[in-house]
Amino acid sequence: RQRLIIASGPALAPGAIETAECGAAAAMAAQEQKRPMRSVTEYIRTPHQKAAAELEKNSQTRQQQAAKSFFRQAEAQSLADSLRARVERALGEDCQDWTVTAYEGDLMRKGLIKVRISEADFVHLHLQRPMPRELWVCRYAPWKTEEDQLEDIEEEYEALPERGRCAEKMDLSGCTSLEGCAVM
């Protein structure tokens, strides 16, 4: 929490500082609600960092590990849900199920996600983005089985078509010429 300190100038009423703090806190809380909550991730570059991460993981209680696993699963499901319409459009059919069964990566810059789309079929998603807060580069591998392992080989995946254009959502069957076009 930051405090507003005024070194010189006219004196403020006693409640003015608290009002400013509450207003700033409310603005920060509103901004945080817009973004999905994400779990803490680690970038591991050296064997020493990997050993330290494993040691820390082993020192966590079962409840802490279960909570972390739950939130990471929810984060992977949320990310997969944001791509569902694009995958269904690429497959040419609606998926009766859309449940994340496995995931890898930090889900911030890279993610590999296995999604159950029917009783026997799965789709693998390969997601990357060059920098945080940039758009994902999405690839998918359709019609996988439960036994198929997630692959981190980009060539094993097909490019996922970009977001749909507005023309896909409109009925333009009446537009036979520019003069009769409802859009133009």
Side-chain angles (χ1 to χ4, degrees), residues 32-171:
E32 288 178 9
Q33 289 177 350
K34 292 179 185 175
R35 286 186 256 155
M37 189 173 148
R38 63 172 270 96
S39 60
V40 178
T41 59
E42 302 174 45
Y43 290 102
I44 298 175
R45 295 190 177 125
T46 65
H48 175 69
Q49 287 175 328
K50 184 175 182 177
E54 284 295 320
L55 183 62
E56 182 181 336
K57 182 180 176 184
N58 292 337
S59 68
Q60 293 178 345
T61 66
R62 281 200 165 132
Q63 291 85 2
Q64 289 172 323
Q65 289 176 356
K68 187 174 183 177
S69 177
F70 172 81
F71 285 113
R72 294 260 306 145
Q73 176 76 23
E75 186 177 13
Q77 183 69 52
S78 175
L79 185 55
D81 288 345
S82 71
L83 299 169
R84 181 175 184 165
R86 289 173 62 188
V87 172
E88 286 178 337
R89 193 175 321 115
L91 295 174
E93 63 182 63
D94 290 339
C95 301
Q96 54 184 324
D97 189 7
W98 191 263
T99 307
V100 170
T101 59
Y103 58 91
E104 295 177 13
D106 62 10
L107 302 177
M108 186 66 172
R109 291 184 56 191
K110 187 170 192 166
L112 299 170
I113 302 175
K114 185 177 198 173
V115 182
R116 178 187 304 274
I117 60 171
S118 70
E119 195 172 307
D121 297 317
F122 291 78
V123 170
H124 293 186
L125 302 173
H126 183 278
L127 312 168
Q128 278 186 302
R129 57 180 165 187
M131 298 294 292
R133 302 185 195 275
E134 287 189 19
L135 295 177
W136 288 100
V137 176
C138 306
R139 302 178 73 76
Y140 77 113
W143 315 118
K144 296 289 189 171
T145 64
E146 191 168 6
E147 292 80 28
D148 292 329
Q149 297 296 315
L150 286 168
E151 298 283 336
D152 193 13
I153 303 168
E154 195 171 325
E155 292 78 28
E156 297 288 323
Y157 296 85
E158 301 173 29
L160 187 61
E162 291 297 317
R163 292 181 178 87
R165 308 287 182 239
C166 62
E168 294 175 5
K169 296 180 181 181
M170 300 175 68
D171 180 19

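We number each residue from 1, following the sequence as shown.
Side-chain atoms of W143 and L91, non-hydrogen and from C-beta on, do get closer than 4.5 Å to each other. Considering only heavy atoms from C-beta on, L125 comes within 4.5 Å of V115 through its side chain. Residues Y140 and H124 have side chains not in contact (no heavy-atom distance under 4.5 Å, counting atoms from C-beta outward).
In this structure, CZ on R133 lies 13.5 Å from CZ on R109, to the nearest 0.5 angstrom. Here H126 contributes atom NE2 and Y157 contributes atom OH; the two are 6.0 Å apart, rounded to the nearest 0.5 Å.
For the side-chain contact (heavy atoms from CB on, under 4.5 Å) with V100, the lone residue among K114, R116, Q77 that qualifies is Q77.
In this structure K110 satisfies the salt bridge (Lys or Arg N to Asp or Glu O under 4.0 Å) test together with D152, sequence neighbours excluded. In this structure, E151 has no side chain to side chain donor-acceptor pair (under 3.5 Å) partners at least two apart in sequence or on a different chain. In this structure Q63 satisfies the side chain to side chain contact (heavy atoms under 4.5 Å, CB included) test together with T61, sequence neighbours excluded. Applying the ring pair (Phe, Tyr, Trp, His ring centres under 6.0 Å) test to F122 and every residue at least two apart in sequence or in another chain returns nothing. With sequence neighbours excluded, the residues forming a side chain to side chain donor-acceptor pair (under 3.5 Å) with T99 are D97, listed by chain and number. The salt bridge (Lys or Arg N to Asp or Glu O under 4.0 Å) check on R84 picks up E88, with sequence neighbours excluded.
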Could you walk me through whether R72 and L107 pass the side chain to side chain contact (heavy atoms under 4.5 Å, CB included) check? CA-CA 9 Å; R72 294 260 306 145; L107 302 177; 3.9 Å; yes
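D81 and S78 are not linked by any side-chain donor-acceptor pair at a separation below 3.5 angstrom, with hydrogens and angles left out of the test.
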